[in-house]
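Below is one structure, written out as structure tokens, with a few remarks after it.
This is a predicted model, so every value here is computed, not measured. Side chains are part of it too, since the values below use all heavy atoms of this structure and drop only hydrogens, waters and symmetry mates. Protein chains get the first letters and strands the later ones, always in sequence-line order, with residue 1 at the start of each.
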Protein chains: 2
Amino acid sequence: MSNNARFAEIAALAGDPGRASMLNGLMDGRALTASELAQLAGITAQTASSHLTRMTEAGLLAVEKQGRHRYHRLASPAVAQMIESIMRLAAPEVTAKPLRTGPRDAALRAGRTCYDHLAGHLGVSITDALINAGHLDLGLDAGEVTDSGLALFARAGIDVEALTAKRGRILCRPCLDWSERRPHLAGAIGAALCSHCFNNGWIRRLEGTRAVSVTPNGQRHLRETFGVSLS
Amino acid sequence: MSNNARFAEIAALAGDPGRASMLNGLMDGRALTASELAQLAGITAQTASSHLTRMTEAGLLAVEKQGRHRYHRLASPAVAQMIESIMRLAAPEVTAKPLRTGPRDAALRAGRTCYDHLAGHLGVSITDALINAGHLDLGLDAGEVTDSGLALFARAGIDVEALTAKRGRILCRPCLDWSERRPHLAGAIGAALCSHCFNNGWIRRLEGTRAVSVTPNGQRHLRETFGVSLS
DNA sequence: ATGATGCTTCGAAAACGATCGAAGTATCAA
DNA sequence: TTGATACTTCGATCGTTTTCGAAGCATCAT
């Protein structure tokens with residue numbers, strides 16, 4: 001198959017409303033069952049099944065069989081990046097007119113997960129704070145945690161050494177936000193930081209969306225530990 | 001229109017073979033006429049016209065009328081980024097089997113333009129050399145040219161101050177390569193460097209493609225001026 | 001076993017989009 | 001003005017894709 005045909009095939013897969021909904025639903029990095037995805041997209045199970053098969057065959061999704069359930073997730077961070085890049089174009093221009101956005105949309109802008117790390121105002125704020133305090137020093141492809149950052153993460157209970165050990169995944173990388181139009185921290189460290197926030201009850205997922213809210217406890221810890229000030 | 005519908009609309013536009021060809025053809029940042037794009041995609045002028053209208057209305061392309069010609073170009077770097085991210089998924093896995101690639105493909109891997117800057121082995125090599133020599137120090141969102149880099153560019157005849165002056169475009173940003181799987185230098189500096197190479201005859205575009213080759217003269221200058229060693 | 005659940009395959013109906021011939025508009029060159 | 005070029009609009013055709021009902025498989029609970 002020609003390279004261009006494959007390009008079109010991939011893009012076309014993302015270009016169906018039903019499939020687009022499913023891909024968006026998987027953007028938080030979780031693995032969902034076919035039924036959940038069907039309901040999320042508002043289509044029947046049969047339809048969803050055929051869509052999921054096609055996307056899996058094309059290498060966009062990966063499946064894991066568990067009993068009578070089939071868990072689907074994005075095949076790789078590269079897929080998530082493609083979805084983000086399309087989202088960025090699809091997002092209403094912030095600069096244009098401050099058009100009316102629903103409450104759910106507002107929650108998404110405030111904070112959400114992006115594949116496996118934090119995005120939105122929350123993600124950008126944390127990233128900014130880390131850089132300003134000199135805890136992160138990011139190069140072009142792979143970033144570095146400074147000595148002070150190393151100590152900080154260790155104090156918080158995040159083992160950066162262990163993350164560095166498992167190669168094959170870039171430690172730090174920037175990921176451009178569709179709402180903030182600025183980059184936030186992704187990569188293995190971004191993922192670790194995100195799950196750390198979840199595990200400690202600093203953030204909580206809003207029912208049925210990928211929006212997250214910061215708990216009062218989380219606000220305090222983020223401020224005290226990482227110097228994050230959420231406007 | 002719901003946000004998700006717009007997502008699907010954008011992706012679907014890129015998901016037609018004809019339109020995909022045109023978008024790829026515009027990836028070098030040039031503006032092409034409708035006829036050129038029609039020929040490139042192997043479709044008639046009427047068909048191309050309707051495609052171009054749709055993509056323009058969706059905000060993917062921008063047109064400029066000049067006499068009886070209509071020049072079409074990508075509407076923004078964000079569009080180019082989306083195309084790149086799809087390409088990355090569509091590219092044959094380098095890791096898998098070193099499958100037979102045609103000579104044209106080899107030329108593209110060696111060096112090409114990506115929207116308005118250099119990519120491929122060439123682009124990555126230059127970027128690496130600049131970073132290793134301490135001429136570039138890239139932060140998360142906007143990079144910085146170090147003092148030594150400033151001097152270097154000035155010596156070469158590239159006015160970084162002037163580039164910094166025109167705001168609205170990020171000076172440095174990484175752009176991930178589909179062939180090298182590593183980032184190369186994009187942004188205003190990347191664009192300036194690219195046109196500088198063209199203007200001085202260091203690189204030349206291969207007829208009808210966006211592949212570029214380095215001239216013997218260019219090899220020498222790139223090595224002497226920027227410390228680039230092309231394997 | 002028996003029935004329920006999760007998911008896939010099959011088949012047919014319906015909707016959609018791509019395509020191009022033909023005709024129309026705008027610009028250029030005499 | 002006349003003719004040529006660049007491009008768009010219209011209209012009809014044709015192929016693809018989506019969709020879901022119905023039936024089939026696999027797994028689980030009892």
Short heteroatom pairs, N/O only, protein and nucleotides 28-30 of chain D, under 3.5 Å:
none

Report summary line: Hits for side chain to side chain contact (heavy atoms under 4.5 Å, CB included) against A:Ala156, two or more places apart or cross-chain, chain-then-number order -> A:His196, A:Thr225, A:Phe226
Polar atom pairs (N or O), protein with nucleotides 8-11 of chain D, under 3.5 Å:
residue : atom : partner : partner atom : Å
D:dT8   : OP2  : B:Ser49 : OG           : 2.7
D:dT8   : O5'  : B:Ser49 : OG           : 3.0

Report summary line: Expected list for residues 54-65 of chain A near DNA chain D, using heavy atoms below 4.0 Å, is A:Arg54, A:Lys65
Side-chain donor-acceptor pairs of residues 49-60 of chain B under 3.5 Å, sequence neighbours excluded:
residue : atom : partner : partner atom : Å
B:Ser50 : OG   : B:Thr47 : O            : 3.2
B:His51 : ND1  : B:Arg19 : NH1          : 3.1
B:Thr53 : OG1  : B:Ser49 : O            : 2.8
B:Thr56 : OG1  : B:Leu52 : O            : 2.7

Query - Qualifying residues under side chain to side chain donor-acceptor pair (under 3.5 Å), relative to B:Asp16, sequence neighbours excluded - result: none
Report task. Mind checking side chain to side chain contact (heavy atoms under 4.5 Å, CB included) for B:Leu40 and listing every partner two or more places apart, or none if nothing turns up? Result -> B:Ser21, B:Leu32
**Report entry** Rounded distance (Å) that lies between atom C1' of D:dT18 and atom NE2 of A:His51
**Finding:** 7 Å
Query raised in the report: B:Ala12: what forms a side chain to side chain contact (heavy atoms under 4.5 Å, CB included) with it, not counting sequence neighbours?
Result: none
Query raised in the report: Residues in side chain to side chain contact (heavy atoms under 4.5 Å, CB included) with A:Arg204, at least two apart?
Result: A:Ser213, A:Thr215
Query raised in the report: Does any residue of residues 11-21 of chain B have a heavy atom under 4.0 Å from DNA chain D, and if so, which ones, in number order?
Result: none
Considering only nitrogen or oxygen atoms on both sides, find all protein atoms under 3.5 Å from nucleotides 12-16 of chain D and state each distance.
none

